[in-house]
Chemist: 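So that we are looking at the same thing, I have put the structure below in C-alpha cells.
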Amino acid sequence: MAHWQFGSKSGHNKIEDELEMTMVCHRPEGLEQLEAQTNFTKRELQVLYRGFKNECPSGVVNEETFKQIYAQFFPHGDASMYAHYLFHAFDTTQTGSVKFEDFVTALSILLRGTVHEKLRWTFNLYDINKDGYINKEEMMDIVKAIYDMMGKYTYPVLKEDTPRQHVDIFFQKMDKNKDGIVTLDEFLESCQEDDNIMRSLQLFQNVM
C-alpha cells in the first residue's frame, strides 16, 4: 500500500527491529521443556508451533481471535459467549492472552489426557469465577453458551427452557450433599459414575 513508505532505511530497520523484539518476547519455552510437560513429541510440537505462528504471528492469541475462529466453525449459532468462556479456561494465568505454551498444554489434556485430567480441565471451564466450586448459575451460563453456539439449525426442536431442565438434572446428580455447589470431587465422582453425564461432556469436548 502506497502510504506505507519509510523516510529512510534506518526507519525501516527500526520497525523490523521492533517486530523482531515483539516476536522474541513471545517465543515459547524450550520445546524440550514442553515435551516433558505435555503428551506431544518434539516433532508434533514443532508442527503445532508452526501452525500457531502462522495463524498468530505475534505469538499470542487474544479473546477476539477465539471469537472469530468459533464464529467460522458455527455459522448458524452465536459462538461468542462460548468462545469467551473457553478463552478464559485456556488463559490459565489470566493475562488476557493465550501463549503457545497455554494453548499446547490445554490441547495436550483435551486430546491425550487421562479421563481424570480432562474432567479437571472441564471443571475449570465451568468454574467461571475460579473460586473452586461450580454453582447452578455457572453451569447454566456454560450450557446456554453451548446451545447458543450450536444454533437453531442444529437443535430445531429445542424450547427455551431446555438448557434449564438439562442443568437442573445435571446439578441434582452432581451436588451430592445438596449444599448448592459442586466441588471438584463431586464433579469427578458424578461424571465417572453416570454415562449420560459422560456422554454430554464428550459432546462438549467435540466442540473444541
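Just so you know, these numbers come straight off a predicted model, no measurement behind them. Position 1 is the first residue of the sequence, and the numbers go up from there.
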Chemist: Would you mind telling me which of Tyr126, Phe170, Phe171 makes a side-chain contact (heavy atoms from CB on, under 4.5 Å) with Val182?
Modeler: Phe171
Chemist: Do Val98 and Phe87 have side chains that approach each other closer than 4.5 Å (heavy atoms only, starting at C-beta)?
Modeler: yes
Chemist: Arg112 vs Glu44, test: salt bridge (charged side-chain N to carboxylate O under 4.0 Å, His left out). Steps then yes/no.
Modeler: CA-CA 13 Å; Arg112 298 191 182 160; Glu44 287 172 326; 2.8 Å; yes
Chemist: Can you measure from CZ (Arg120) to SG (Cys191) and round to the nearest 0.5 angstrom?
Modeler: 13.0 Å
Chemist: Report yes if the side chains of Leu48 and Phe100 come closer than 4.5 Å at any heavy-atom pair, otherwise no.
Modeler: yes
Chemist: Could you check if a side-chain atom of Asp168 sits within less than 4.5 angstrom of a side-chain atom of Gln172, using non-hydrogen atoms only?
Modeler: no
Chemist: Ring-plane angle category for His88 and His84, please: parallel below 30°, perpendicular beyond 60°, tilted otherwise.
Modeler: perpendicular
Chemist: Could you pull out the closest heavy-atom pair between Ala89 and Asn124, with the gap in Å?
Modeler: O-ND2, 3.9 Å
Chemist: Could you check if a side-chain atom of Glu189 sits within less than 4.5 angstrom of a side-chain atom of Met174, using non-hydrogen atoms only?
Modeler: no
Chemist: Could you tell me whether the side chain of Asp148 reaches within less than 4.5 Å of the side chain of Lys144, counting heavy atoms only?
Modeler: yes
Chemist: Would you check if Arg43 and Val47 make a side-chain contact, meaning some heavy-atom pair closer than 4.5 Å?
Modeler: yes
Chemist: With rounding to the nearest 0.5 Å, note down the distance linking CG in Asp102 to CG in Asp91.
Modeler: 6.5 Å
Chemist: Taking atom types as modelled, is there a side-chain donor on Asn62 or Ser97 under 3.5 Å from an acceptor on the other?
Modeler: no
Chemist: What are the two closest non-hydrogen atoms of Leu45 and Leu31, and how far apart are they?
Modeler: CD1-O, 3.7 Å
Chemist: If you measure only the distance, is there a donor-acceptor pair under 3.5 Å linking the side chains of Ser80 and Asp78?
Modeler: yes
Chemist: Determine, step by step, whether Glu186 and Lys173 satisfy the salt bridge (charged side-chain N to carboxylate O under 4.0 Å, His left out) criterion, reporting the C-alpha distance in whole Å, the side-chain angles of both residues, the deciding distance to 0.1 Å, and the verdict.
Modeler: CA-CA 9 Å; Glu186 284 176 323; Lys173 286 179 178 176; over 6 Å; no
Chemist: Within the structure provided, determine whether Tyr133 and Asp127 are in side-chain contact (heavy-atom separation under 4.5 Å).
Modeler: no
